Enquirer: 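Have a look at this one.
As the structure is a prediction and not an experimental result, all values here were calculated from the model.
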Protein chains: 2
Amino acid sequence: MLRGAPAGGPADFQTVRESNLGLVLRTVRERAPCSRAEVAAATRLTKATVSSLVADLIAHGLVREIGAAPARRVGRPGVMLALDERRIAAVGLEVNVDYLTVVAVDLAERELLARHVPFDAGAAGPQAAAERLAALAGATAADPLLADRTLLGVSVAVPGLIDSPAGVVTDAPNLRWRGFPLRDRLRELLGAAGLTGMPLLVDNDANLGAVAEYRSGHLAHTLDLVYLTGEVGIGAGVLVEGRPLRGSTGYGGEIGHIPLARDPLCGCGRRGCLEALAGIHAIVRRAVPDLVPAGPITGERVAAAVAATVRRAEDGDPGVRRALAEAGEWLGRGVATLVNLLNPQAVLLGGYFVPLAPWLLPPCAAQLDAHVIAPERGGCRVEASRLGLTAAARGGAAALVDALDTGRLPLPAPRPG
Amino acid sequence: MLRGAPAGGPADFQTVRESNLGLVLRTVRERAPCSRAEVAAATRLTKATVSSLVADLIAHGLVREIGAAPARRVGRPGVMLALDERRIAAVGLEVNVDYLTVVAVDLAERELLARHVPFDAGAAGPQAAAERLAALAGATAADPLLADRTLLGVSVAVPGLIDSPAGVVTDAPNLRWRGFPLRDRLRELLGAAGLTGMPLLVDNDANLGAVAEYRSGHLAHTLDLVYLTGEVGIGAGVLVEGRPLRGSTGYGGEIGHIPLARDPLCGCGRRGCLEALAGIHAIVRRAVPDLVPAGPITGERVAAAVAATVRRAEDGDPGVRRALAEAGEWLGRGVATLVNLLNPQAVLLGGYFVPLAPWLLPPCAAQLDAHVIAPERGGCRVEASRLGLTAAARGGAAALVDALDTGRLPLPAPRPG
DNA sequence: CCACTTAGTTCAGTAACCAAACTAATTGCG
DNA sequence: CGCAATTAGTTTGGTTACTGAACTAAGTGG
C-alpha cells in the first residue's frame, strides 16, 4: 500500500518512490544484517530496483553497508546492509503536570539522551511552556551526544485532548491549557533558534504511549494494542492495525469515564466512572487513607501515596491488598469492555499502574476471563508496560521514525560525504 | 493514498494507475454531472491524465458521457460525465435464521432487485445453505432485471463471527454453523454454475450494515459510524475512517456482552450484559410478558411480540412505556461506553430497534448526554436506521462497489463496443 | 583453471505521470 | 462578421521509476 500520499490524493512517481523507500527501509530494519538480494526477495522488488533504492537510502544516511556476508557454500557473498544509526536523531518532548521530558533516539530507536526538568506547566501557561520546550529541543539538538546527526523532527506529548492533524492542544485540564496552537508556536520558536522546516508532531500521551509500545515495548510489532495511562486520569491510546484511533473529533480512547456502576461520585460530576473506581486517586484513597487528605492532591503526594501503597502491599497489609484487588476488578471490567469492542492483541498498563501491577493484574485478568465474550479473551494479553517514565516522549520520537518507515516523512537532506 | 496494493507491498505503475482510476471514479460519483476539467481540478491530476483515466473508465463501462454542459458565460462547454449505471451489477446475499435475502444494485447503488426466500439455515446446515446461496446468485445473475450487466462480485452477510479475509464462518451460534469455509465452497459452486473467477466477499451482518449506512444510509459518507444490530443478539459494526474495525481475531464490535450491571443473568452465562438488559428478548419479556413464554423463543414469536409492543406503546400502555424507557436507558449506557471509546459521528440502530426507536431513543440520548465525556457527545448522532430489512445484503453489494471505488477491485472486463 | 553459483550493476524497454502546446467550441464585442 | 477571450479537451515530448535480461563480480569445488 502506498502510504506516502495524502489519503485519497493522486498518486504519482514520487509516491511510488517514497512508498518503496519505506518498504526497503522497513525490510532492512527487520532483517539486518541482510544483502540487497535478500531485500529483493523479501519485498518482491527486482534487484535493480532495490539497488537503486538502497543507494538513495545510503546517500541520505539511513542505511549503510557493514561488510561482506559470511561466505556460503557457493556463490559471491552479498554486501550486508544495516540501519545507519549514526546519522539521524529524532527528538521526543513530553509535557507533564510538574516536569518536562526530552528523549532523543537514533534510527534504531535506541536512546541517545533522556532528561527530565522540573516545570510547572499549569502555573507557567502554554506560551512559557512552548518557549521552554523549544529551548529544550534546541539544547538537545546541540548536545554533543547528538553530534553530527540530522534531526528527523520533534514531537510533543501532551496529556489532554489534542487535535493532532492541526497540532492544537484543544483541552488539557490538568495543565489548564485550552485551544493553544502548540505546533505553530513551536514552529516559530524553533525557526528563531535555527531549527527551521522541522517536521513537528503533537499528540496526546496515551496515543504516543501506544506508539512507544508498538515500536519498542516488550510486545513490539503488535498491530492492535491499547496503552492505558495511569496518571491522574485514565486514558487509552488505541492502535488499530498499527494506526492511532483518534475518533471523529479527537475524543477516541476516553475510557476514564465509561459508566460501570451507580457509585461513587467522580471528579467529572458523573457517577460510577471507571476513573472513580480504579483511578489512582481512588486507589490510594482506599489503600492508604491515612496518607491522603480529602480534597485535591498534588502529583508529588500521589507519588508518595503510591510508594506507600506498594510498601504496605509488599508487607501483606490486608486492607491495602483488598483495596488493590477491588480496583483491579473494576479495572478488569473496564478493560473487558474495551476488549469486547476492540479485540486488541494486548493491553499495556502504564503510569502508576506499573508499580501496582503485581496486585492489580490478577483480579483484572479474572474479570477479563469472566466478561470477554471471545474465547481465550480473543488472545488478548494484559501486562504492565516496561517502558518507564519516558514512554510518551519515546513514543513521540518513535512516531517520527515510524513516519519515515512508512514513507510519510521526506528523507532528511543527503550528506555531501 | 494508494489502496490497491496489498498493505505494505511494493508499489509500481499499475498500483498508481489503479489508485488514480479509483480516485477519478469517486470524483465522478460525487460530482456528477461534471466535466473532465472539473475532475482534474478536484483531484489535482492534470487534464491529460484525467482524459486518459476517463477513457479507461468509459471503456470498462463504469463512466459515460451524458452530453454537453449548459454553456457558461464564455468558453467551450465541457462534456459531462456521470457513472454508467447500465453496465454493472453487484450482488449481496444475506443469511438469516429463517430466510435468505438477495439484493442486486447498480454502480450508483440503486436497487435493481431484492428478494427474500424462506430458508431454515440452522436446520439445513451450511453445505445446503451454500448450495441454495449459489443457486440464488446464479438466478439473480440470469434475471432479466440484470440483463447485459457485468457482475462485479458476490457478497454474503452472515450473522456471527466471520474471518473475512479467509472467507470462513468461524462461529454463527444462531445458525449452529462452525468453521465453515463459505467462500471456498461458494467459489466451487458458482464456478460450476458458470460464474467463475468472481470476487467473493464474506462478512458479518453488523459490519455490512455499517457499510450500507456509510454508502447509502441517510447519514451516508459519515466516515466514523457504528451500526447496531438489534436481532436476537446486539452486535456493533464499526467503521473507523471508513474501514471496518474487525479486531485482531475478528471479535471487534462485540458490544452485546459488555458488563453494565450486576444483574440479570444473560443467556451467555454472565451477569449484567447489555444484551440481557436491552436485547430484544429482554425488552419483549418486560414489555409484553403475557405474550412471551419462559424459555427460548423463535424468530417469528419475537417479531409478533415486537409488533404487539409497538401497538401497546402507541396506545400509551404505561407498563410497556416503562419497559421501553428502561431498556432505552441501558442501551444508552452501552452506547455511551462505545462513544467514549470510539468517538464516532453517528450510531445507527438497526433490526428490531427500528420500530421501537420512538420510545428507545429519548432515554438513550439522555444517558448519552449524561455519560459521554466529550462536549456535545463529540457531535455523535444516535438515530434509527432507515434501510429496512435488506441492510446487510445491500451493505455487501455496496462493499463491492466501495472496493471498486477505492481501487481494490480489478476493473470488470472491457466491452468491445 | 574452469565450471558453477550467487550478488549486484548496467541498460534498454515500458508505463504512467506532468507540462506545455495545440485544437476545439463557445461568448462577447467592435 | 470576424476576432479576441475563455474554457475544454487532446497531442506531444519529457521525466521518473519500475521491470527483465544481459552482464560483471566474487566466491566455491573439482
Side-chain angles (χ1 to χ4, degrees), chain A residues 2 4-5 9-24 27-28 31 33-59 63-81 407 411, chain B residues 2 4-5 9-24 27-28 31 33-59 63-81 407 411:
Chain A
L2 236 175
D12 61 5
F13 303 115
Q14 210 183 322
T15 336
V16 169
R17 189 70 175 177
E18 283 165 8
S19 176
N20 285 337
L21 282 166
L23 177 60
V24 170
T27 307
V28 170
R31 309 169 89 101
C34 64
S35 66
R36 287 168 178 81
E38 209 177 321
V39 172
T43 57
R44 285 174 301 152
L45 293 162
T46 62
K47 285 192 296 173
T49 305
V50 169
S51 277
S52 157
L53 291 163
V54 165
D56 248 28
L57 292 171
I58 288 175
V63 163
R64 62 182 175 131
E65 301 185 336
I66 56 168
R72 302 191 202 168
R73 305 175 72 84
V74 292
R76 168 178 167 180
V79 176
M80 293 323 243
L81 303 171
L411 297 188
Chain B
L2 234 176
D12 59 7
F13 300 117
Q14 208 185 321
T15 337
V16 169
R17 188 70 174 178
E18 283 165 8
S19 175
N20 285 338
L21 282 167
L23 177 60
V24 170
T27 307
V28 171
R31 309 170 89 102
C34 65
S35 66
R36 288 169 176 81
E38 209 177 319
V39 172
T43 57
R44 285 174 301 151
L45 293 162
T46 63
K47 287 192 293 174
T49 305
V50 169
S51 277
S52 156
L53 291 162
V54 165
D56 248 28
L57 292 172
I58 289 176
V63 163
R64 62 183 176 132
E65 301 186 335
I66 56 168
R72 301 193 201 167
R73 305 175 74 83
V74 292
R76 168 178 168 180
V79 176
M80 293 323 242
L81 304 170
L411 296 189

Enquirer: Under 4.0 Å: is that the gap between some side-chain N or O of B/T49 and OP1 or OP2 of C/dC18?
Expert: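 So the side-chain polar atoms of B/T49 do come within 4.0 Å of the phosphate oxygens OP1 or OP2 of C/dC18, strictly under.
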Enquirer: How do B/G75 and B/M80 order along DNA chain D: which one's closest nucleotide is nearer the 5' end?
Expert: B/G75
Enquirer: Expressed as a whole number of angstroms, how long is the span from B/D12:CG to D/dG20:C1'?
Expert: 14 Å
Enquirer: Using atom NZ of B/K47 as one end and atom C1' of C/dT23 as the other, report the distance to the nearest whole Å.
Expert: 11 Å
Enquirer: Which one, D/dG9, C/dT26, D/dT19, comes nearest to the side chain of B/P77?
Expert: C/dT26
Enquirer: Counting distance alone, no hydrogens or angles: does the base of D/dA25 have a donor or acceptor under 3.5 Å from a partner atom on the side chain of A/R76?
Expert: yes
Enquirer: Could you check how far CG of B/L23 sits from C1' of C/dA16, rounded to whole Å?
Expert: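 Taking CG of B/L23 and C1' of C/dA16, I get 15 Å after rounding.
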Enquirer: Please check the phosphate of D/dC18 (OP1 and OP2 only) for any side-chain N or O of A/R17 closer than 4.0 Å.
Expert: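 Affirmative; the distance criterion is met.
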Enquirer: Given atom CD of A/Q14 and atom P of D/dC18, what is their separation to the nearest angstrom?
Expert: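 Rounded to whole Å, this separation is 12 Å.
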Enquirer: Reckon A/V50 touches a base, only the sugar-phosphate, or nothing at all at heavy-atom distances under 4.0 Å?
Expert: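 No contact.
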Enquirer: Pick base, sugar-phosphate or nothing for A/A37, based on heavy-atom distances below 4.0 Å to the nucleic acid.
Expert: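 A/A37: backbone/sugar contact only, no base atoms under 4.0 Å.
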Enquirer: Taking the side chain of A/A48 as its heavy atoms from C-beta onward, which of C/dA20, C/dC17, D/dT19 lies nearest to it?
Expert: D/dT19
Enquirer: When you get a sec, tell me which of C/dT5, D/dC18, D/dG20 is the closest nucleotide to the side chain of A/T46?
Expert: D/dG20
Enquirer: Is a side-chain donor-acceptor pair under 3.5 Å present for A/R76 with A/S35?
Expert: no
Enquirer: Check whether A/D12 reaches the backbone of A/T15 with its side chain - one donor and one acceptor, N or O, closer than 3.5 Å.
Expert: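 Indeed, once roles are kept as given, a pair shorter than 3.5 Å links the two residues.
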Enquirer: Whole angstroms only, please: what is the CD-P distance between B/E65 and D/dT10?
Expert: 8 Å
Enquirer: For B/S52 and B/T49, which I'm curious about, is there any donor-acceptor pair between the side chains at under 3.5 Å?
Expert: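 The criterion, which ignores hydrogens and geometry beyond distance, is not satisfied for B/T49 and B/S52.
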Enquirer: What's A/S35 touching, base or sugar-phosphate or nothing? Going by heavy atoms closer than 4.0 Å.
Expert: sugar-phosphate
Enquirer: Please determine whether a side-chain nitrogen or oxygen atom of B/S51 lies at a distance below 4.0 Å from atom OP1 or OP2 of D/dT10.
Expert: yes
Enquirer: Rounded to the nearest 0.5 Å, how far does CG of B/D56 lie from CD of B/E18?
Expert: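 Rounded to the nearest 0.5 Å, the CD-CG separation comes out at 11.0 Å.
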Enquirer: Can you check the A/L21 CG to D/dT16 P distance for me, whole Å?
Expert: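 For the pair A/L21 CG and D/dT16 P, the rounded distance is 15 Å.
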Enquirer: Taking CD from A/E18 and C1' from D/dA17, how many angstroms apart are they, rounded to a whole number?
Expert: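 Atom-to-atom, A/E18 to D/dA17, this comes out as 13 Å.
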Enquirer: By nearest nucleotide on DNA chain D, pick out whichever of B/E38 and A/L53 is the more 5' one.
Expert: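 Closer to the 5' end of DNA chain D: B/E38.
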Enquirer: Have a look at A/L57 and tell me which of A/L81, A/V24, A/V28 forms a side-chain contact (heavy atoms from CB on, under 4.5 Å) with it.
Expert: A/V24
Enquirer: For C/dA16, take OP1 and OP2 only and decide whether either is under 4.0 Å from a side-chain N or O of B/N20.
Expert: no
Enquirer: Determine, for B/E38 against B/K47, whether the closest basic-nitrogen to carboxylate-oxygen distance falls under 4.0 angstrom.
Expert: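 Not counted as a salt bridge, because no side-chain N and carboxylate O are separated by less than 4.0 Å.
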Enquirer: Whole Å only: how far is the CG atom of B/L45 from the P atom of D/dG9?
Expert: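 To the nearest whole Å, that distance equals 15 Å.
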